[in-house]
Amino acid sequence: MLDTDAPELLPYATLVNAWRAGSDTLGVAGAVYEWQEAPLIFLVDGAQLADETHLRRLRRLLAMRGDVPYLGVLSPGRLDVFAVALDSKRLRQVQVKVVDEQVAQQDVLSLLANARPKAARNSRSWISDVVLRLLTRAIDQLTPLEGVDDEDAISLVGRALFTRFLADRGLLPAGLDDVRLAGGMFDDAVRAAETCAWLDATFNGDLLPLPEGIFERLSTEAYKVLGDIMRRAPGGQLVLGWEEKWDHLDFAHIPVGVLSQAYELYLRSHAPAKQRREGGYYTPRPIADLLVRASFRALDREGASAHARVLDPAAGAGVFLLTAFRELVAARWRADGVRPNTKVLRDILYRQITGFDINEAALRFAALGLYLMSIELDPEPQPIDKLGFDNLRGAVLHRFAANDEIPGGQLGSLGPQVGQEHVGKYDIVVGNPPWASGTKLPDWSLICAQVARIASDRLGAPLAPPLPNEVLDLPFVWRAMEWAKPGGQIAFALHARLLFQQGDGMADARRALFRALDITSVINGVELRQTKVWPEILAPFCLLIAANRTPGPGAGFRLISPRLESCLNAAGAMRIDAHSAEIIPTEQLGRTPELLKILFRGTKADLGLVERIRSKGFPTLESFWCEAIGRSSRGYLAGAGNGYQTLKASSRFRKRGDGMPGVPAEYLHGLPVITPESLDDLLIDTNALEPFGHERIHDPRDPGLFVGPIAIVHQSPPARLGRMRVGVADQAAAYNESFYGYSPSAFEDAHLLVRYLALVLGSKFALWLALITSGKFGFERDVVEKAALNRMPLPDFRMLSSEQRQGIDRLFDEVRRDSAAWEHVDRWVSELYGLGTADIQTITDTLRYNLPFADTKAAAQAAPKDLKHFCTVLERELAPWAERFGASLHAVPFADRASSPWRGVKLQRVGSRTRTDIPQDWEGLLRVADAGAASEMIVRGGSGAMFIARLAQQRYWTETQARLLAQRIVWTHLDFLSGSAAA
């Protein structure tokens, strides 16, 4: 409720302040309904709305916040819901029809939370995008002008924007608080100079720098650009017609974090190389909020949050520091029982917040944000001159710029410039360190030595964890172990290669990190890349939350993998379902390097199947090949590898070469060239292929790769097939880097071996194993890497019986002639590996709903098709356990409303005399589940019944999921099966 005075309302401080000041527009706002601690719908009293214009103004103001998707108008027996956005649409166009013949009244909040109708973020109508475009446009208009370079432009625009924030919030000093006067503060050289002098005096010079005499050099056009930033609509009234113009914005309600995004947009537009090098990509506020709040909740359990010290070692423009500041103020409020005043706010700012960065402009934007946040959170911020800020530089914000005069001076926060005074000082170390790799930083060996020292100290034994490809984010995690207090919280947004990459030493790096740090939660955001959850990055991300200590015996962590939910993600939200997270024993991660990938793309059923297959002792394809065929003189598998690469711009001129880029390719001339289309036939007709005609190729390739017979695998599995495309060439053939070839020409039975490989690698089993164990496929790329195939357990061809060998030849010919379908191959492979019916169903379900293809993603989110079959499987799996207690169980679907994002199953003990009606508070419990972003809820309705609710998405209603649910009921509700528990 907005009429209370509580720390929980600090995120809505601008609204509450306006509401208490008697705002005509905001006075009708009464409450906000949250989902995962983020606003879902603001509720207003319909009786207090003056007219439709009032409602449109209110909708426009809420859109300025950029965090709430809906506005709800409550009237007696009625709720009208409107999507919030910056646009000129009529109310009837943005009204969400939440209660009609298709939508039941009790499903309204669930529908809004989970389906997000009409809430998709549009860059044209989302406040952060609008402001950032206006800023970029202003900078672009200034930079061509004489006497204004890039740095001057960003400083001028930043100062004008900062002043506009103060003006719209009514915080300018007396004499300037008139809208007309405020709008002219940058209209000419005299007024701009006076304004900046006042800013420098009030904020102690810690603002964006300007060169001497800049105002005398600016042209009339420059002052027009700056004046436009300051100008509000005539009379200061918010206009209803929408255009993307400065005077249509009200910075009284625009989040302070827009400043940080403004700087990072500037980098992206004006200095993309610098942005990539320094990792200057902004973190969306919801992700920063999630990491900061999770860290504070852990400290809350120990009563240590009110006086916590927080460090962001790669602060950028300060989004994490702003969120941490707000959380610290709320924690102090709860601890002291009174809202922090100006003095306490300064104490928190100066003593409890620290940020490091290498970039001067970023830190100045961070300072602007912290100043504004301090003003925003102040219960009595006026007069502004009384605020008396200290300079934040060197006390709160520290720049560790490149310094060639000291060893490691180019390493920023990771280098020796960060002194001992920061060791063991912070209760929370949080942030989004740069993810760059292959940076070739000078003195990289110093970082490696630091990490080795920290790891050895933590684990009590010499250890030098690898830092594959010189990635930057991992060293920050290791250094955080020094900066954080023992038992303190460490929370970072990282590149998800930490979780899933298997090659280049990353498995060892992951194992060392999880041994040295007590990871408590890992949020895997891989499925959400390229969505509005984090719209500006293409790389897969993860969020790591840990306590700064080594994990004890039996330690484990939660693995939470938010699933792609198109409507929810399009609104910028993701489901963090901590209640249904997988609990991973840390020791098991060390034993099974692919564990996280298996549980991400599969389930515990897939994990059990992988472990059972590996227990059979089959050699891997690589170990078989080494033993049966051998290695080349360079240590690679003989006759196995990627195909040739055509000449590239990066092709080398070799010192002992012929002075031309690349290498000659005469040995491939005349060979038929394999194409993806040629794999339409299992036995490739090489006579129908075009001959190789390139004079040169990028790098030399082993000629043995192209000697027939060859088993060929295309690295990109087609979505329509659900299996890898394979073929066999009995004669020599050339193939490019899109294919992997296995040529066992020296092997005694090479003709049959390549057919054996083609059948196994073309089966659904092989694609399933690649999906759940590959370090790239289904994670960062949609191609299967050769290393994943080489790690595949493969029944030793040499140990096959003569009957099995005859079966290979026969099955290959039948598939080649289309007298047998690939499903016959799948059954043959299942028998080869000793798979049962349940195993085959697990593989089928995983491929059907977890492959990284558009059709698969859509199928996973579709409404469940057959709940009765789910119930049948659940009954069947539980039957042996129920029989032990002389009982039988019956499962039936219930609560099957089409408008509900939930579906339910009632599990009934047959013959029970206990009343088993659906609990009266079921709908309320579903709302609790919604508010917590759960995907499943189980309610015991008495000793004779159990009610299970799951999200109405097919991925949760497969046969495999029914079997897993049965296992959990056995493990955690055995008293229900025995009938010994009361309600």
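What you see is a predicted model; the values in this text were computed from it and never measured.
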Heavy-atom donor-acceptor pair, [X] side chain to [Y] backbone, under 3.5 Å:
X	Y	value
Arg60	Asp87	yes
Glu380	Thr342	no
Asn569	Ala573	yes
Tyr350	Asp390	yes
Arg399	Ile358	yes
Thr14	His253	no
Arg65	Pro255	no

| message | Please evaluate residues Asp140 and Arg133 with respect to the criterion salt bridge (charged side-chain N to carboxylate O under 4.0 Å, His left out), reporting the C-alpha separation (whole Å), side-chain torsions for both, the decisive distance (0.1 Å), and the verdict. | response | CA-CA 10 Å; Asp140 288 344; Arg133 275 195 300 274; over 6 Å; no
So, [X] and [Y], do they make that salt bridge, N to O below 4.0 Å?
X	Y	result
Lys343	Asp347	no
Glu327	Arg293	yes
Asp247	Arg164	no
Arg159	Asp200	yes
Arg393	Glu360	yes

Do [X] and [Y] come within less than 4.5 Å of each other through their side chains, counting heavy atoms only?
X	Y	value
Ile353	Leu392	no
Val310	Phe320	no
Leu370	Leu322	yes
Val130	Met64	no
His422	Leu311	no
Leu55	Phe82	yes
Asp228	Leu134	no
Ile254	Asp250	no

Calculate, to the nearest 0.5 Å, the distance between atoms [atom1] and [atom2] belonging to [X] and [Y] respectively.
X	Y	atom1	atom2	answer
Leu71	Leu91	CG	CG	9.0 Å
Thr136	Leu132	OG1	CG	6.5 Å
Asn432	Leu291	CG	CG	8.5 Å
Ile406	Leu411	CD1	CG	9.0 Å
Arg364	Phe162	CZ	CZ	13.0 Å
Leu441	Leu414	CG	CG	8.5 Å

| task | Show your reasoning for whether side-chain contact (heavy atoms from CB on, under 4.5 Å) applies to Arg59 and Val94. | result | CA-CA 10 Å; Arg59 177 176 176 265; Val94 297; 3.2 Å; yes
| task | Please lay out, stage by stage, how Phe476 and Val471 fare under the test side-chain contact (heavy atoms from CB on, under 4.5 Å). | result | CA-CA 10 Å; Phe476 273 94; Val471 296; over 6 Å; no
| Does Lys648 NZ have over 12 foreign heavy atoms under 6.0 Å away? | yes
| request: Assess whether side-chain contact (heavy atoms from CB on, under 4.5 Å) is satisfied between Ile537 and Arg529, documenting all intermediate values. | output: CA-CA 7 Å; Ile537 64 167; Arg529 71 188 183 112; 5.9 Å; no
Would you mind telling me which of [options] makes a side chain to side chain contact (heavy atoms under 4.5 Å, CB included) with [X]?
X	options	result
Leu156	Phe215, Phe186, Tyr223	Phe215
Phe541	Ile287, Thr283, Leu494	Ile287
Leu321	Val430, Val292, Leu397, Leu349	Leu397

Can you name the nearest heavy-atom pair linking [X] to [Y], along with the distance?
X	Y	value
Asp443	Pro407	OD2-C, 4.0 Å
Arg121	Ala571	NE-O, 3.2 Å
Ser219	Leu145	OG-CD1, 3.8 Å

| Taking only residues two or more places apart in sequence, or in another chain, which ones meet Asp289 in a side chain to side chain donor-acceptor pair (under 3.5 Å)? | Arg285, Thr323
| request: Please assess His54 against Arg57 for the test side-chain contact (heavy atoms from CB on, under 4.5 Å), listing each intermediate value before the final yes or no. | output: CA-CA 5 Å; His54 187 180; Arg57 282 203 308 270; 4.1 Å; yes
| request: Would you please classify the geometry between the Trp435 ring and the His495 ring as parallel, tilted or perpendicular, with 30° and 60° separating the classes? | output: perpendicular
